[in-house]
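Data first, discussion second: the structure below is written as structure tokens.
Indexing begins at 1, ligand by ligand and atom by atom, following the structure's order.
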Amino acid sequence: MRNFSCTKCGTKVYFKNVTCLKCGHALGFDPDTLAVIALTPDAEPGLYRRITGDTRQVLRYCSNVVHGACNWLTRADDQNLFCVACDLNRTIPNLSEPGSLTAWQDLERAKKRLVYSLLRFGLPLDTSPAPPGRLIFDFARNTMTGHLDGVITINILEADAVERERQRQQFDEPYRSLLGHLRHESGHYYWQVLVESAGLLEEFRALFGDERADYQSALTQHHTYGPKPDWQLNHVSGYASMHPSEDWAETWAHYLHMVDSVDTAEAEGMEPRAAGLIFGSIWPFKKYDVYRDETLDSLLERWVPLTLALNSMNRSMGHADYYPFVIPNAAREKLRFVHQVIRGKR
Ligand SMILES: [Zn+2]
Ligand SMILES: [Zn+2]
Ligand SMILES: [Zn+2]
């Protein structure tokens with residue numbers, strides 16, 4: 001993600017901030033400019049204007065600001081009280097139940113990061129009247145995390161760090177996070193949009209396999225025997241070897257991890273070099289909008305040394321690896337497919 005600075009005083013501010021700690025101005029995320037901006041109160045309570053840029057437009061916070069679950073802005077004249085990201089929620093947890101509020105706040109934080117990336121890519125959040133229609137989120141207890149026909153369901157227990165770690169160990173996963181879940185599940189939605197509806201099924205099947213393969217028996221097989229023995233040659237993760245649809249969703253999630261991380265590294269001025277890379281060939285890297293201009297190869301040229309460096313950094317602190325995966329050549333071609341369909345180049 002890009003860095004943000006207070007548009008009043010210039011101090012560094014963060015994606016989730018609602019107040020500038022230096023100058024005290026109200027802050028909010030502006031989906032129109034995809035930036036955190038400083039606000040000045042308008043005459044009417046609860047309404048604001050930008051301090052720079054389009055100062056005529058009257059804005060207000062998304063209704064979920066009262067729950068500490070959102071800092072995104074909407075136009076005051078918009079009938080919808082929710083921001084473009086919260087508007088995708090169909091079900092939120094029962095906030096009177098203990099633990100639900102903090103779980104939902106964590107989920108919203110991860111979801112905002114996902115939606116930010118989708119907006120940066122210029123991907124639709126609603127394909128109506130064409131299928132799958134609007135992207136919808138259900139956050140609930142006692143439910144299975146998954147995706148069905150445009151609806152992403154997340155069990156809010158995933159926001160419980162102890163439970164998440166228990167499941168990570170139970171399923172022998174190297175990595176499990178809320179953001180990872182949300183990115184993965186969004187992949188199933190965008191498969192319908194960017195592959196199925198775009199007439200790319202044949203190309204998809206040549207790379208990932210036939211998604212019409214029986215899902216239930218693949219799942220049972222996976223839970224009984226674990227990942228396919230040679231999964232490391234063909235997939236980004238063990239779970240990806242379960243079924244072509246999961247291979248796609250895992251690859252999609254990895255692609256979003258990669259683009260967000262490289263974008264953040266660039267914003268922070270971090271450009272680790274691959275061993276043996278010579279100054280003046282491809283390094284120092286040219287600055288690109290990683291959501292628009294990079295080729296997959298140039299992204300990977302940044303991503304691989306970045307992850308090696310960050311893994312080493314994490315080990316220095318005794319943490320688990322930042323990116324505990326290796327991308328085999330076959331998975332690289334799948335990532336290329338994701339890269340090209342997102343950018344309309346397939
Ligand atoms: Zn400020
Ligand atoms: Zn909101
Ligand atoms: Zn899935």
Can you tell me if, anywhere in His147, an N/O/S atom lies at a distance from the Zn ion (ligand 3) that is smaller than 2.8 Å? no

Interatomic spacing from OG in Ser237 to CD1 in Ile327 - rounded to 0.5 Å: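 Here the interatomic distance stands at 11.5 Å.
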
Write the atom name of the N, O or S atom in Glu246 that is nearest the Zn ion (ligand 3).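 Looking at Glu246, the N, O or S atom with the least distance to the Zn ion (ligand 3) is OE1.
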
As a test of reading the structure, name the N/O/S atom of His184 that is nearest the Zn ion (ligand 3).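 Of all N, O or S atoms in His184, the Zn ion (ligand 3) lies closest to NE2.
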
Crowding at NZ, Lys8 (>12 non-hydrogen neighbours, <6.0 Å):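 Open.
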
Asp230, CG atom: more than 12 neighbouring heavy atoms under 6.0 Å: yes

Which protein N, O or S atoms sit under 2.8 Å from the Zn ion (ligand 2)?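 Listed by chain and number, the atoms are Cys62 SG, Cys70 SG, Cys83 SG, Cys86 SG.
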
Could you label the plane-to-plane angle of the [X] and [Y] rings as parallel, tilted or perpendicular, counting under 30° as parallel and over 60° as perpendicular?
| X | Y | answer |
| --- | --- | --- |
| Tyr255 | Phe121 | parallel |
| Trp72 | Phe15 | perpendicular |
| His147 | His188 | parallel |

Please give me the minimum heavy-atom distance between Ala267 and Met1, naming the atom from each residue. CB-O, 3.7 Å

Does Leu219 sit in a hydrophobic cluster with other residues, and if so which ones, taking ILVMFWY side chains as linked at heavy-atom separations under 4.5 Å, directly or through other members? Tyr215, Tyr239, Met242

Near the Zn ion (ligand 1), which protein N/O/S atoms fall under 2.8 Å?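 Cys6 SG, Cys9 SG, Cys20 SG, Cys23 SG, with waters left out.
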
Under 6.0 Å from the ring centre and within 45 degrees of the ring axis: does the NZ or CZ of Lys12 meet both conditions for the six-membered ring of Phe4?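 Negative - Lys12 is either too far from the ring of Phe4 or too far off its axis.
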
Identify all side-chain donor-acceptor contacts of residues 34-43 below 3.5 Å with residues at least two apart in sequence or on another chain.
{"unit_1": "Asp42", "atom_1": "OD1", "unit_2": "Arg49", "atom_2": "NE", "d": "2.7"}
{"unit_1": "Asp42", "atom_1": "OD1", "unit_2": "Arg49", "atom_2": "NH2", "d": "3.4"}

Heavy-atom side-chain proximity of Cys23 to Cys6 below 4.5 angstrom: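 Heavy-atom side-chain distance check passes, below 4.5 Å.
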
